[in-house]
Structure formats: structure tokens, C-alpha cells
S.K.: 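There's a structure below that I have some questions on.
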Amino acid sequence: MDVITIERKVLQKNDEIASKNREFFIQKNLFTINLVSSPGSGKTSLVERTIEKIKDKVSIAVIEGDVQTDIDAKRVSNYNVPVVQIITNGACHLEANLVKDALANLEGKLDNAGLLIIENVGNLVCPAGYDLGEDLKVVVISVTEGDDKPLKYPKMFMNSEVLVINKIDLLPYVNCSIKDLRANALKINPKLKIFETSCTSGEGIDKWCGYLTGSIKK
Ligand code: MG
Ligand code: ZN
């Protein structure tokens with residue numbers, strides 16, 4: 001029971017800071033997405049393809065969350081967008097206060113930005129429970145992970161508005177049914193908006209980016 005109480009307090013504090021982040025995003029007219037997934041689903045590649053596709057239309061800033069290294073921030077900075085790396089030093093999810101600190105680091109660079117992409121730490125469990133103040137939680141899953149994952153990690157799919165099924169170019173080589181994956185995800189969350197993408201072939205990136213730019217209120 002004690003553990004539950006402590007967790008509640010932590011989450012309550014997180015939600016308070018997340019609300020402040022949300023106010024800040026509204027004030028700056030920033031549309032914010034929180035990319036969540038297990039490690040290796042292709043979140044950073046999706047960020048790269050998204051930037052390539054829409055950076056002429058929308059100015060973009062990125063917050064990268066990782067347990068260690070700034071490898072992802074370096075990759076993203078090649079696209080000449082403002083990027084901040086959060087290194088959690090072992091923590092397996094981002095919390096609203098870390099995002100708040102990252103926002104302070106981006107000060108002055110967000111004024112004309114229309115889209116903020118937060119790439120969460122690769123983990124299909126606890127990022128589901130931590131609101132960062134985002135407009136959209138987007139869960140990314142690659143077909144290599146198997147079509148049963150929505151059933152095994154339901155909270156992540158329940159708490160997300162969008163599902164991106166990535167690496168569809170690998171479908172011929174893996175034992176994953178897109179039909180079952182979609183059905184399992186919709187069983188958990190019937191409101192999920194689903195996209196299928198390959199960051200290697202570029203398939204589906206147009207549709208995903210069209211949805212994203214359409215969602216940005218400006
Ligand atoms: Mg990454
Ligand atoms: Zn965690």
C-alpha cells in the first residue's frame with residue numbers, strides 16, 4: 001500500500017508540472033507530440049523522415065530522451081533543427097520536470113516553431129503513465145516486435161491517440177500479421193488512429209506527415 005501511495009504522489013507532482021508545460025505550449029502555439037515505444041522501433045528514424053518531409057512547411061524543435069548518450073540528438077541535429085538531449089542516467093522514462101528543463105534550454109528557439117517532437121526513452125511500460133504536457137501521445141511499434149504487443153502492454157496503447165506501425169518493409173521476413181496487430185491495438189483502444197510506415201522505403205511517411213501538419217493549429 002505504501003508503494004502505491006508514493007507512486008500516486010509522484011504522479012500527482014508530475015501532472016502538475018505537465019499542466020504547466022501544456023500552458024507553455026499553448027502560449028507558444030506549439031503542437032507537441034510524445035513518441036513512445038520499446039527500444040529499436042525506429043522512433044529516431046521516424047523523427048528524421050518527418051523533419052525531412054515537413055521542415056519547409058513547419059519549423060520543428062526536438063527533445064531527445066535517452067538513458068545514456070547523445071547519439072540521437074547528434075543524428076537529429078544534422079537536419080538543422082533545434083534539439084536538446086535529455087540523458088536520464090538510468091531512469092526508464094521522461095518526466096514532465098525533465099521536459100520543463102529541456103524547454104529552458106530551447107529558450108529563444110521556440111518562438112517560431114510550430115511543432116515540438118519529444119522522443120521518449122525506449123520503454124513500452126512506464127512512459128505510458130507520465131504526462132509531459134503533450135497534445136498527442138504517439139506509440140510506435142515495429143513489425144519485428146510481433147502482433148501481440150498491444151495485448152501485452154495495453155496501457156501504452158490505451159493512453160495513446162496514434163499508433164505508427166513502422167518497418168513495414170520487413171513484413172515479408174517476420175512473423176507478424178498487420179491485420180492482427182491492428183485488430184489487437186483497436187481491441188485495447190478503438191479510437192487509435194493508425195499509420196503504417198517504413199523509414200527505409202519512405203512508404204506511408206506522406207500520410208503520417210499529412211496528418212501531423214493537419215493537426216497543427218495555426
Ligand atoms: Mg531513439
Ligand atoms: Zn520508467
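Quick note: residue numbers are just sequence positions, from 1. Order of appearance sets the numbers: ligands from 1, and atoms from 1 within every ligand.
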S.K.: Output yes if E64 passes the N/O/S-under-2.8 Å test against the Mg ion (ligand 1); output no otherwise.
M.R.: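 No - counting backbone and side chain alike, E64 has no N, O or S atom under 2.8 Å.
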
S.K.: Starting from the Zn ion (ligand 2), look over the N/O/S atoms of H93 and name the nearest one.
M.R.: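 Nearest N/O/S atom of H93: ND1.
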
S.K.: Show, in sequence, the C-alpha distance, side-chain angles and deciding distance for N166 and T197, and conclude whether the side-chain hydrogen bond (donor to acceptor under 3.5 Å, both in side chains) test is met.
M.R.: CA-CA 5 Å; N166 194 28; T197 58; 3.0 Å; yes

S.K.: Quick one: angle T44 OG1 - the Mg ion (ligand 1) - D72 OD2, to the nearest 10°?
M.R.: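 Approximately 90° at the metal, rounded to tens of degrees.
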
S.K.: Working to 10°, measure the angle at the Zn ion (ligand 2) formed by atom SG of C92 and atom SG of C126.
M.R.: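 Between SG of C92 and SG of C126, the angle at the Zn ion (ligand 2) is about 110°.
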
S.K.: If you look at E119, which of its N/O/S atoms is nearest to the Mg ion (ligand 1)?
M.R.: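 Restricting E119 to its N, O and S atoms, the minimum distance to the Mg ion (ligand 1) goes to OE2.
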
S.K.: List the steps, then state whether salt bridge (charged side-chain N to carboxylate O under 4.0 Å, His left out) holds for R22 with D131.
M.R.: CA-CA 10 Å; R22 188 164 280 118; D131 182 17; 2.9 Å; yes

S.K.: Can you establish whether the number of heavy atoms outside N175 located under 6.0 Å from its atom CG is more than 12?
M.R.: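 Counting other residues, nucleotides and ligands, CG of N175 stays at 12 neighbours or fewer.
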
S.K.: Count the heavy atoms belonging to other residues, nucleotides or ligands that lie under 6.0 Å from CD1 of I71, then report whether that count exceeds 12.
M.R.: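 At most 12 heavy atoms, drawn from other residues, nucleotides or ligands, come within 6.0 Å of this atom.
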
S.K.: Check the angle between the aromatic planes of F195 and W208 and answer parallel, tilted or perpendicular using the 30° and 60° thresholds.
M.R.: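 Because their plane-to-plane angle is over 60°, the rings of F195 and W208 count as perpendicular.
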
